[in-house]
Amino acid sequence: MGKLSTLKDAIAEHVPDGASVAMGCGLESLIPFAASHEIIRQKKRDLQLIGPISDIQFDQLIGAGCARQVTAAWVGNVAAGLGHNFRRAVEQRIPAELVIEEHSNFTLGLALKAAAMGLPFLPTHTARGSDFARAAHFAPVSCPFTGEELLAVRALHPDVAIIHVQRADADGNAHVWGNLGVIREAALAAKKVILTCEEIVDHDVILADPNRTAVFGFCVASVVHVPFGSHPSPTQGYARRDDQFYFDYHRQTRTREGFLDWLQTWVHDINSHQEYLDRLGPDRLGPLKPSQDQRAPAINFSA
Amino acid sequence: MGKLSTLKDAIAEHVPDGASVAMGCGLESLIPFAASHEIIRQKKRDLQLIGPISDIQFDQLIGAGCARQVTAAWVGNVAAGLGHNFRRAVEQRIPAELVIEEHSNFTLGLALKAAAMGLPFLPTHTARGSDFARAAHFAPVSCPFTGEELLAVRALHPDVAIIHVQRADADGNAHVWGNLGVIREAALAAKKVILTCEEIVDHDVILADPNRTAVFGFCVASVVHVPFGSHPSPTQGYARRDDQFYFDYHRQTRTREGFLDWLQTWVHDINSHQEYLDRLGPDRLGPLKPSQDQRAPAINFSA
Amino acid sequence: MKARAAYTVRELMVIAAAREIRDGELAFVGMRLPLLGFAVAKELYAPRAIGVFENGIVRDWPALAPIFTMSDPPNVARALYCGGLIDVMGLLQSGRVQLGFIGGAEIDRFGNVNTHWVRERQKRTRLPGSGGAADIATLAERCIVIMSQERRRFPPRVEFVTSPGYGEGAAWRERARLKGGGPSRVITTMATFSFDPESREMILSTVHPGATVADVQRETGWPLRVAANIGTTAPPSAEELAVLRKYDPNGIWTS
Amino acid sequence: MKARAAYTVRELMVIAAAREIRDGELAFVGMRLPLLGFAVAKELYAPRAIGVFENGIVRDWPALAPIFTMSDPPNVARALYCGGLIDVMGLLQSGRVQLGFIGGAEIDRFGNVNTHWVRERQKRTRLPGSGGAADIATLAERCIVIMSQERRRFPPRVEFVTSPGYGEGAAWRERARLKGGGPSRVITTMATFSFDPESREMILSTVHPGATVADVQRETGWPLRVAANIGTTAPPSAEELAVLRKYDPNGIWTS
């Protein structure tokens, strides 16, 4: 179908400077780090990063100077705490000023859901009483039946969503299992989707279990085969979380210089995802592979 | 867990006269006919039937005098056309007057979804311009961001949802595959759920594939083991559709007398679901069993 | 209307429906005639078309076994996606579905469709209701209506608007800000119709082989506007018929 | 605060959290201390409690392997349900989740929590933001806040309300018609607090063994109200500690 691509080409073609980019939509798993490292290497600028949690991914992009705005519920390092680049950007404009569009996890999900469903807003009871809910992407709305006041969350349409999945066919129809976060909403809310995946499978595999289809090929612009493409975040059934990587990042990026060193080592000095895996090395990757084979029980789909 | 029950006890306990009851939530499949026949046998009265399509199920309940109101998008016989009992009730008040709360499929889904999500309404672009959308369960609502006028659909909270599924554990956690219709929404919108299922499985089977869980045990009041409990409607992997049953029903229920005969034969003269299956007989049931074993492909859930 | 030797009227209607589906489009293909049309289109001229069903199913190939409802197991097995009703209606509402087919008991001059109530000789008959028809009519970019051409089914104004067409005519949909584009074509047992881009009145576009404009007028409840370039509905090709009959070998839907 | 011999302060906090979970309840159990509390509660006094996680996971048994995020594979495998963020937040919004745990950088006299901005010696520090904390604080029937008892973290009024408690005090939540019940308890490194049902002011309920009311007052930025029946936080039982240490054998979270 012509959607199979390299990471280099997919990012070059579908992530222009100034684009709004949804990532980290599975929350702490399935984060497309291989793709965001490529964004950094290609020196994309003025991006609007969209994602609920983003666990160090947005911190890296901010530190690398790719981001103009973050639309998120939380930016930092889930296991270790604060994101040093996020702090430097917000507190000291280093490397640049950063605009923050604040959300809670739920409101960010609803903003993407509204867009996915073709609605300009969705109502909710959440975040009423939170100071961040005074921003312009929230507004009061009354229930026409009960008179209750709710919070309307404005729809959010990313230019592109980058999503890491377990398996996809060459047209971008994807099976995902485990926690789904806001993956389904982001794929439908975005104008287009870049998929990175652990395995490319025959279309027949997708059709054999249609209840697992979480992303439609008709939303997808590029499909890239990137095993361990979520490292250091986990991908259920394919990769465990590399906790030490997050702790090391936290320690090494306390200073701007430390971050620049980190970036040189893990992004700029690396020309392909294979080189990245080589740098991690088999001793580190081996233990990240799931040890058992916990199969889902059989179901019969026959007519 | 004490939720395993007979159909007789489940209906007696959880479907009082006057209750609002959601059924047919999978649309033309997974219709819990065994349960609705038991409702008829127990002479429940003044029910509010809720369901998008209901393919002859609501027609039977209306003809049997169980229903005071129907909240639906469509009532009839999908393969054969009109529902004769529905017509007689609406046009001639036979056997009794029937109130209709009109919906489209989408608005009925949204009404249940709103309730499932704890919202008093959900907005939509649909059905604006349809005459039925002038009813009191719809109202205009403006988007506070764009000024667009949308249609607000009022939340709908059934007293009980009766749902047929492929497999459930004894606590009511259920796996469903194939089309899901409004099953998930109805289970969460309802105050309680009666599950009928093709198989009771160990809790471990549910845990081995959590992405298939469509109904939570904490929503469920009773779990009833009823193989072929959706007959004549299909259950993917367990039962094909018995098309002839629908055509026969259509022909035999043209007159009130014909319907009463049908009811005597297929409901009143039958004391249990086993007797119903016996009446169908092996020659009829045999061909309704799926012939092949189309298994879903393996996935690995291991940590 | 006696073209039986080569093909039936229903076969002609299926092929007319099939020709409305463009490659790569998502379409709510409903059941019976348009579902067969989807099968023909997929094989012949819209290989990347995708069929969407209200029960939550999305398919990129048509089920081969004959089915009576969209939830029949052959329509579920080996689908591209199985989810919920709201999921697929969301695809429609967000504009990802370009096309939808609906049927009706009555259609009027401005393409409004009624499946709630009809009146014949003072007697009101209750019909099943909207199902998903109102959703498709409101939201789809293009809506195709499949009808039996009978005078009683073509009143000047429907008694009840289940599925809005162009309402009261010119600019009504725009004023009401309905999201979808409205009916683009009506395919009947005698003819096909389009709609005037300004007045939004139904216009007779083609008559089926064997029928005349006068025949169609006789079965229409208002003075018909006829297209300047009115022609004959192109009959099914041998290839189209061969594919169609593969999916409906016993003529369950098309005889 | 030196109860090291028998148990650590964090172990005490976990057990205090565990005791808040009632049998059969659904709880947003978060990570670290309350997640361990969920494990203890499940084994000892709330066998039918259910843990809900913002990423879309619902579990009826605690993962045995140590995890750093809720999306770590051991927390996913053999879950009761895996779905989306909106699905589980819908459970919270609809009132099916009774209980939620949150942490914070600052908490004030009325239980409002800040995880956005703090100011220390004129320097403003940006914190990560709400995550799901504002959702839990707004919507859960009961919200439990886990805090480090430090004067700078207990200002009279937080600089920024990320997660609303009782706002400005009496009847504020009722006037604002927030859906959830508000904070029911605060568990700190020195004490536990409840809230006055009228004034909604935080009340010192128990001090942990080894701490005094004066200690707690010293680490609180306003004049503390003390419960009439103030007592000592019940220390963990041997059984509670044994279960807890099964889940955190190396004291990653509790040492």
Side-chain angles (χ1 to χ4, degrees), chain A residues 26-30 52-53 55 72-83 86-87 89-91 100 102-110 112-113 124-133 148-149 177-185 233-237 239-241 243 246 290 294, chain D residues 31 53-57 66-79 82-90 92-94 112 114-117 123-139 158-165 167 172-173 176-180:
Chain A
L27 276 72
E28 300 94 340
S29 53
L30 300 170
I53 292 293
D55 206 3
W74 197 94
V75 181
N77 184 324
V78 172
L82 299 175
F86 177 59
R87 281 193 57 188
V90 178
E91 297 168 14
I100 307 174
E102 302 274 3
H103 273 278
S104 72
N105 277 344
F106 194 11
T107 65
L108 184 56
L110 291 171
L112 292 169
K113 179 83 176 171
T124 178
H125 287 291
T126 201
R128 297 177 57 246
S130 294
D131 283 347
F132 64 83
E148 280 168 274
E149 192 181 292
W177 56 97
N179 49 295
L180 302 179
V182 295
I183 283 175
R184 297 168 298 179
E185 292 81 5
S233 77
T235 295
Q236 197 74 22
R240 294 174 169 163
R241 191 171 192 269
D243 299 314
Y246 290 87
Q294 278 190 13
Chain D
M31 289 304 300
F53 300 86
E54 299 157 42
N55 58 355
I57 288 174
I67 55 177
F68 285 94
T69 83
M70 61 183 72
S71 306
D72 286 9
N75 203 47
V76 178
R78 304 192 72 74
C82 288
L85 183 149
I86 292 177
D87 297 315
V88 292
M89 286 294 181
L92 179 63
Q93 185 170 250
S94 65
N112 303 297
N114 174 12
T115 48
H116 269 87
W117 281 104
K123 189 174 166 303
R124 292 184 86 205
T125 300
R126 170 68 208 207
L127 306 173
S130 161
D135 305 314
I136 294 167
T138 308
L139 300 172
V158 290
E159 174 134 344
F160 187 98
V161 177
T162 304
S163 303
W172 179 88
R173 265 187 102 93
R177 298 238 221 141
L178 297 200
K179 187 144 178 172

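Reminder, nothing fancy here: chain letters follow the sequence lines and each chain counts from 1.
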Evaluate the side-chain proximity of A:D131 to D:N114: yes if any heavy-atom separation is below 4.5 Å, no if none is. no
By a 4.5 Å heavy-atom criterion (distance strictly below it), what part of D:D87 contacts chain A: side chain, backbone, both, or neither? side chain
Given heavy-atom pairs under 4.5 angstrom as the criterion, report whether the side chain, backbone, both or neither of D:A77 touches chain A. both
What's the spacing between A:L27 CG and D:N55 CG if we round to 0.5 Å? 6.0 Å
Donor-acceptor check, side chain of A:S130 to backbone of D:T162, threshold 3.5 angstrom: yes or no? yes
Partner chain A: residue of D:K179, D:Q93, D:K123 with the largest heavy-atom pair count (under 4.5 Å): D:Q93
Kindly compute the distance separating CD (A:Q236) from CG (D:N75), expressed to the nearest 0.5 Å. 9.5 Å
For each of D:G56, D:G131, D:S163, D:G180, tally heavy-atom pairs with chain A at distances under 4.5 Å, and name the one with the top tally. D:G131
Shortest non-hydrogen contact from A:G129 toward D:P164: O-CB, 3.6 Å
Per-residue tally against chain D (heavy atom, under 4.5 Å) across A:L108, A:D55, A:V75 peaks at A:V75
Report which part of A:I183 has an atom under 4.5 Å of a heavy atom belonging to chain D: side chain, backbone, both, or neither. neither
Stepwise, does the side chain to side chain contact (heavy atoms under 4.5 Å, CB included) test hold for D:R124 with A:E91? CA-CA 7 Å; D:R124 292 184 86 205; A:E91 297 168 14; 5.8 Å; no
At their closest point, which heavy atom of D:D135 faces which heavy atom of A:S104, and how far apart are they? OD1-OG, 2.6 Å
Toward chain D, the part of A:R128 with a non-hydrogen atom under 4.5 Å: both
Using non-hydrogen atoms and a 4.5 Å limit, figure out which bit of D:R177 sits close to chain A: side chain, backbone, both or neither. both
Measuring heavy-atom distances to chain D, does A:E185 have an atom under 4.5 Å in its side chain, in its backbone, in both, or in neither? side chain
Is chain D contacted by the side chain of A:N77, its backbone, both, or neither, given a heavy-atom distance below 4.5 Å? neither
Rounding to 0.5 Å, atoms CG (A:N105) and CD1 (D:I136) come to a distance of 8.5 Å
Looking at A:V78 and D:F68, what are the two nearest heavy atoms and their distance? CG1-O, 4.1 Å
Distance in Å, A:T124 OG1 paired with D:M89 CE, rounded so as to fall on 0.5 Å steps: 9.5 Å
So do D:C82 and A:L180 actually touch side chain to side chain, heavy atoms under 4.5 Å? no
Please find the pair of heavy atoms, one from D:P73 and one from A:A239, that lie closest to each other, and give the distance. CG-O, 4.1 Å
Output the option from D:V88, D:I86, D:I67, D:I57 having the highest count of non-hydrogen pairs under 4.5 Å with chain A. D:I86
Would you compute the distance between atom CD1 of A:I53 and atom CG of D:L85 and round it to the nearest 0.5 angstrom? 8.5 Å
From the list D:G90, D:P74, D:A134, the residue making the most non-hydrogen contacts under 4.5 Å with chain A is D:A134
A:F132 versus D:S130, closest heavy-atom pair with distance: CE2-CB, 4.0 Å
Distance check, rounded to the nearest 0.5 Å: D:F160 atom CZ versus A:E102 atom CD? 5.5 Å
Answer whether the closest heavy-atom distance between the side chains of A:F106 and D:L139 falls below 4.5 Å. yes
Side chain from CB out, backbone as N, CA, C, O: work out which of these in A:A133 comes under 4.5 Å of a heavy atom of chain D, or both, or neither. neither
Which bit of D:T138 comes within less than 4.5 Å of chain A, counting heavy atoms only: side chain, backbone, both or neither? side chain
Which atoms of D:T125 approach chain A - backbone, side chain, both or neither, heavy atom under 4.5 Å: both
Selection from A:E149, A:K113, A:E148, A:R184 maximising heavy-atom pairs under 4.5 Å formed with chain D: A:R184
